[in-house]
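A short worksheet on the structure shown next.
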Number of protein chains: 2
Amino acid sequence: MTANAAIFATQSCEICPIRYRAVCARCERDELAELESVKIYRRYAAGQTVSWAGDRMDMVASVVSGVASLTQQMEDGRTQMVGLLLPSDFLGRPGREVAAYTVTAASELLLCCFRRKPFEELLRSNPRIAGRLLEMTLDELDAARDWLLLLGRKSAREKIASLLTILARREAALNLRQPEGRIAVDLPLTREAMADYLGLTLETVSRQMSALKRDGVIELDGKRRVVIPLFGRLVSESGDDADGGPLS
Amino acid sequence: MTANAAIFATQSCEICPIRYRAVCARCERDELAELESVKIYRRYAAGQTVSWAGDRMDMVASVVSGVASLTQQMEDGRTQMVGLLLPSDFLGRPGREVAAYTVTAASELLLCCFRRKPFEELLRSNPRIAGRLLEMTLDELDAARDWLLLLGRKSAREKIASLLTILARREAALNLRQPEGRIAVDLPLTREAMADYLGLTLETVSRQMSALKRDGVIELDGKRRVVIPLFGRLVSESGDDADGGPLS
DNA sequence: CGCAATATTGACAAGCGTCAACTTCGGTGG
DNA sequence: CCACCGAAGTTGACGCTTGTCAATATTGCG
């Protein structure tokens, strides 16, 4: 992780907003105390790069608040987002020296960082942390597989509807609710970042957002806030079957 | 895992072809003996379904030989492959009751199966198995992220070249070699399965295979064997930068 | 040898990308 | 408080890549 990140004073794990969803979720009080002594908070401004593909990676981290994106680039500049990290998600790969992807703060971002080597030691010694990381990695793999379906088989309109559905579900999950009826969703991504997520151009994203608005599926409140008058309607536009699954 | 699979006699783990790559790779002799007493081999014919999305999943398994595919389907029938499991890959998700994807034998397939519940107990008690599974899951997540780039940003021609490159690398890895110069690769997939992997139609796959042949990038020896006169040429057609990485 | 499954090829159309002009937003400084 | 400016977003015209539908060829198996 590179410089320019503001470093903040350590705060108590007990009152941490991601206490029960992050990699430390299963830890007991005494284990938290151990983590607390070695963690470092880092804050990044929207748009700032957290680390470049190819950089040495000496840290792993949890996203405390904000949104980070992982992206991959081809030589000619074509860009694909390959990870969208929301609060409680884990960043970094134990056992890897060199970052495989570029990490960018999509919005203001707060990370809870650990030095990689000591964290790897914890993974070996603490089955609660190792088990939770395995579970989170399996969840991420499932999410990646849904993303494969989105990229490989969905139309531009379905892709947009799917992304809005995902964001609505994650936002609702933080409030321990199911999304339904009329809801508002924050869009922490620019049109270009949405395009990189969806394998589209930003022009196509813009056109399909306009089309969904014209058809009454969404309303725009500024550029970065979307109101969904009827959540079920959006889901049916996404091409997925209704429920959203009993997963997680 | 459903019926119709032939069940074979237990064979020694010591001489297993995937001994040093599978989930059991780090186990010691005595641990292998424990696994040996509970494993069951199952064999499936090409085209046979191993398990349907939504089925109860009471087993997990390692692919011993052959190829299995994981696929996801939309209500209207659009199909996307979301996993291609080759020898040593792990099948199933500890902690999940119900299969999320349909598993099909793409070629003749031999699985080394364990009942899920006892395997979950092993994960808790045996850090060698848990650690290896975490490592394999992280590798799969990386592979899925490369796949996202392929689906989101590559042309049909680049997609085909990428798939052939992946298969060549995996086949070479089994023989502990680096692919280079003139090599032959088995194609364990039909044109339709290739299309499902690549997010294309089978017609586009067929056309691009013909184009690569016309341009001298590949030669066809029957439908299911591809000769690559110059591996580097194929890689440059794939859109990836040369090396293929020091990964794994 | 014949049939069904698999693969190839062609003609055409649709969806999305490209290039370009224009508009809106949001923050800064006068 | 408002005017200005650059960044972000929208819209239009057009063309290319890939999908669709259909006919034909090839393969492998009984």
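Chain naming here is simple, since letters A, B, ... match the order of the sequence lines and numbering starts at 1 in each.
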Problem set entry | Trace of the side chain to side chain donor-acceptor pair (under 3.5 Å) decision for B:Thr165 with B:Ser162 | CA-CA 5 Å; B:Thr165 302; B:Ser162 299; 5.9 Å; no

Exercise. C:dC25 C1' sits how many Å from A:Asp221 CG, rounded?
Worked result: 13 Å

Exercise. To the nearest angstrom, how far is A:Lys223 atom NZ from C:dG26 atom C1'?
Worked result: 11 Å

Exercise. Crowded around A:Glu192 CD? As in, over 12 foreign heavy atoms under 6.0 Å?
Worked result: no

Exercise. Hey, are B:Asp146 and B:Lys154 close enough for a salt bridge, meaning a charged N less than 4.0 Å from a carboxylate O?
Worked result: no

Exercise. Is the shortest side-chain N/O distance from A:Arg224 to OP1 or OP2 of D:dG9 below 4.0 Å?
Worked result: yes

Exercise. Has B:Thr190 got a side-chain N or O lying under 4.0 Å from the OP1 or OP2 atom of C:dA5?
Worked result: no

Problem set entry | Nucleotide-resolved protein contact map, nucleotides 13-20 of chain C, B/S/- at heavy-atom distance under 4.0 Å | ---SSBB-

Problem set entry | Nearest-Å distance for atom pair CG/C1', residues B:Leu202 and D:dT24 | 15 Å

Problem set entry | OG1 on A:Thr102 to CE on A:Met81, rounded to 0.5 Å | 12.0 Å

Exercise. Between A:Asp89 and A:Arg170, is there a side-chain N and carboxylate O pair less than 4.0 Å apart?
Worked result: yes

For this session: Starting at atom CG of B:Leu187, determine the distance to atom C1' of C:dA7, rounded to an integer number of angstrom.
Result: 13 Å

Problem set entry | Derivation and outcome, side-chain contact (heavy atoms from CB on, under 4.5 Å), residues A:Ile160 and A:Leu212 | CA-CA 9 Å; A:Ile160 301 278; A:Leu212 287 173; 3.6 Å; yes

Exercise. Separation of B:Met209 atom CE from C:dT9 atom P, in whole Å?
Worked result: 11 Å

Seminar exercise, completed: Here the distance between atom C1' of D:dG19 and atom CG of B:Leu198, to the nearest Å, is 15 Å

For this session: May I ask you to say what B:Ser206 touches in the nucleic acid, namely base, sugar-phosphate or nothing, with a heavy-atom cut-off under 4.0 Å?
Result: base

Problem set entry | Candidate pair A:Arg145 and B:Tyr101, rule side-chain contact (heavy atoms from CB on, under 4.5 Å), full reasoning | CA-CA 10 Å; A:Arg145 285 170 167 164; B:Tyr101 313 105; 3.5 Å; yes

Exercise. How about B:Glu180: does its CD atom have over 12 heavy atoms from other parts shown lying under 6.0 Å from it?
Worked result: no

Problem set entry | DNA chain C contacts among residues 67-75 of chain A, heavy-atom distance under 4.0 Å | none

Problem set entry | Check against side-chain contact (heavy atoms from CB on, under 4.5 Å), B:Leu111 and B:Val64 | CA-CA 5 Å; B:Leu111 297 180; B:Val64 177; over 6 Å; no

Exercise. In whole angstrom, what separates B:Ile218's CD1 from C:dT8's C1'?
Worked result: 14 Å

Seminar exercise, completed: Rounded to whole Å, the NZ-C1' distance (A:Lys213 to C:dT24) equals 11 Å

